[in-house]
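As structure tokens, the structure follows; a few thoughts come after it.
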2 protein chains.
Amino acid sequence: MKVSTQTKAVSNAASPYLARKQSRRGAVLSAQRGHILSEECPSQQVLKNVTSRWGVLVLIVLQGGTHRFSELRRSVGGVSERMLTQTLQRLESDGLVHRVALNVVPPHVEYSLTELGAEAAAKVRSLADWIEINLHRVLANRQTGRGNGTRPTAVPVRQVKAARSGNGSSR
Amino acid sequence: MKVSTQTKAVSNAASPYLARKQSRRGAVLSAQRGHILSEECPSQQVLKNVTSRWGVLVLIVLQGGTHRFSELRRSVGGVSERMLTQTLQRLESDGLVHRVALNVVPPHVEYSLTELGAEAAAKVRSLADWIEINLHRVLANRQTGRGNGTRPTAVPVRQVKAARSGNGSSR
DNA sequence: GGAAGTACGTACATGAAAGTAAGTACTCAA
DNA sequence: TTGAGTACTTACTTTCATGTACGTACTTCC
């Protein structure tokens with residue numbers, strides 16, 4: 001019953017999407033790039049885990065070094081224990097986070113980034129940094145109320161007979 | 001509460017989260033970084049728009065140049081018209097995407113990245129590229145079934161009396 | 001002359017993500 | 001002796017994202 005196919009259904013077919021990319025980078029990348037754009041490509045799942053609401057924040061915090069579960073909970077702000085657990089488990093199963101449970105009675109678990117995780121975290125943080133730095137530019141845009149100016153609500157055009165859209169505009 | 005503070009509640013208070021970061025970067029960044037980690041910081045909303053399932057893909061496609069709505073729909077693979085519209089509108093209101101509607105009868109609308117959007121798209125793509133290139137490493141991890149090895153399901157420790165967790169582990 | 005294409009808007013349905021609350025087995029400080 | 005802290009799990013609920021379907025005002029293709 002709805003096994004939350006999240007972390008599942010990926011382990012089997014680990015083939016068609018792993019096309020060798022290093023062969024002729026640059027060219028292929030901008031031309032076809034059929035991987036992440038095609039649905040059901042496992043990379044979309046990884047992307048989701050990494051860019052999920054809490055995933056991003058956890059990766060950023062862990063960039064600062066090893067943290068205990070409760071430290072993470074306090075650092076992130078707003079996470080519920082349930083969500084933090086789930087996020088960490090997904091990141092762990094993707095090999096981005098390393099978990100070490102000390103076998104003591106008041107539970108003590110330490111989380112840190114793996115090599116893989118450190119690389120991903122760097123990318124994620126780069127994005128986050130950009131957003132924080134440019135936030136004012138984005139907010140400025142929102143206030144000027146773009147997004148509904150030219151929008152014609154329905155199709156109010158009436159006497160403007162078609163202009164034959166026979167131009168390739170792009171590509 | 002529960003005003004669906006999503007797209008709202010951002011326009012007014014555009015202040016406490018816009019702390020000047022450029023002043024003493026590096027240092028502050030790794031030390032406090034209170035912005036994206038604190039809930040209700042508008043940057044989380046921007047992050048969500050940019051890293052949403054379709055947001056990422058649209059940005060990547062638009063990096064290839066101007067596209068019409070229908071071109072985007074075909075390029076992305078799996079998007080419904082509704083979702084594409086919504087995604088584009090959010091990106092537009094964030095000032096990342098520019099929309100030009102030609103006033104002709106078979107509707108013709110062109111979407112392109114703004115300067116701001118191009119910067120964001122570069123970051124996003126960097127992440128996406130990393131994921132595609134390292135996908136095999138992640139998938140390899142999943143198959144070895146990490147994530148439940150050391151996990152003690154409940155609290156099976158019994159005779160291991162507390163080891164005084166009085167260490168600062170990190171930070 | 002009916003079908004398909006265009007770029008949406010809107011209503012409804014579903015499924016996934018997230019929150020809430022409680023339980024666990026034990027320790028330590030008050 | 002009560003309360004808080006630890007690192008979770010499980011069950012249940014709510015919120016949100018997304019999908020599906022249909023309408024539109026017109027044109028072009030078959």
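Proteins get letters first, then strands, A, B, ... in listed order; numbering begins at 1 in each.
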Quick one: A:Asn103 CG to C:dC26 P, roughly how many Å, whole number?
13 Å
Can you name the side-chain hydrogen bond (donor to acceptor under 3.5 Å, both in side chains) partners of A:Glu115, sequence neighbours left out?
none
Does B:Ser80 place a side-chain N or O at less than 4.0 Å from the phosphate oxygens OP1/OP2 of D:dT20?
no
Partner set under side-chain hydrogen bond (donor to acceptor under 3.5 Å, both in side chains) for B:Arg74, not counting sequence neighbours:
none
Mind listing the N/O atom pairs, protein and nucleotides 2-6 of chain D, below 3.5 Å?
unit_1 : atom_1 : unit_2   : atom_2 : d
D:dT6  : O3'    : A:Arg68  : NH2    : 3.0
D:dT6  : O3'    : A:Pro107 : O      : 2.7

Closest to the B:Lys48 side chain: D:dC8, C:dA18, D:dA17?
D:dA17
Rounded to the nearest angstrom, tell me the gap between atom CE in A:Met83 and atom C1' in C:dA16.
10 Å
Quick one: label A:Gly55 by what it contacts on the DNA or RNA (base, sugar-phosphate, nothing), any heavy atom closer than 4.0 Å.
nothing
Choose from C:dC8, D:dC8, C:dT20 the nucleotide whose nearest atom is closest to any side-chain atom of A:Tyr111.
D:dC8
Whole-Å distance between C:dT27 C1' and A:Leu102 CG?
16 Å
Residue list, salt bridge (charged side-chain N to carboxylate O under 4.0 Å, His left out) with B:Arg137, at least two apart or on another chain
A:Glu119
Specify the separation, in whole Å, of atom CG of A:Asn49 and atom C1' of C:dA17.
12 Å
Please state how far atom CZ in B:Arg90 lies from atom P in C:dG9, giving the value in whole angstrom units.
13 Å
What is the distance from CD of A:Glu110 to C1' of D:dC8, rounded to the nearest Å?
16 Å
Give a yes/no on whether any side-chain N or O of A:Arg53 is located under 4.0 angstrom from OP1 or OP2 of C:dG19.
yes
A:Gln44: side-chain hydrogen bond (donor to acceptor under 3.5 Å, both in side chains) partners, not counting sequence neighbours:
none
Angle, rounded to 10°, between the helical axes spanning five pairs at each terminus of the helix from C:dG1-D:dC30 to C:dA30-D:dT1?
10°
Give a yes/no on whether any side-chain N or O of A:Gln86 is located under 4.0 angstrom from OP1 or OP2 of D:dT9.
no
Partner set under side chain to side chain contact (heavy atoms under 4.5 Å, CB included) for B:Arg73, not counting sequence neighbours
B:Phe69, B:Ser70, B:Glu81, B:Leu84
Atom pair CG/CG of B:Leu62 and B:Leu96 - distance to nearest 0.5 Å
10.5 Å
For A:Gln44 and C:dA16, give me the distance from atom CD to atom P, rounded to whole Å.
15 Å
Applying the side chain to side chain contact (heavy atoms under 4.5 Å, CB included) test to A:Ile36, which of A:Cys41, A:Ser43, A:Pro42 qualifies?
A:Ser43
How would you label the contact of B:Arg82 with the nucleic acid (heavy atoms, under 4.0 Å): base, sugar-phosphate, or nothing?
base
Residues at least two apart in sequence or cross-chain that pass side-chain hydrogen bond (donor to acceptor under 3.5 Å, both in side chains) with A:Ser112, listed by chain then number, are none
Separation of D:dC8 atom P from A:Leu84 atom CG, nearest Å, is 9 Å
Taking all non-hydrogen atoms of both residues into account, name the closest pair between A:Leu91 and A:Gly55 and its distance.
CD1-O, 4.3 Å
Sequence neighbours left out, what pairs pass side chain to side chain donor-acceptor pair (under 3.5 Å) with at least one residue falling in residues 51-60 of chain B?
none
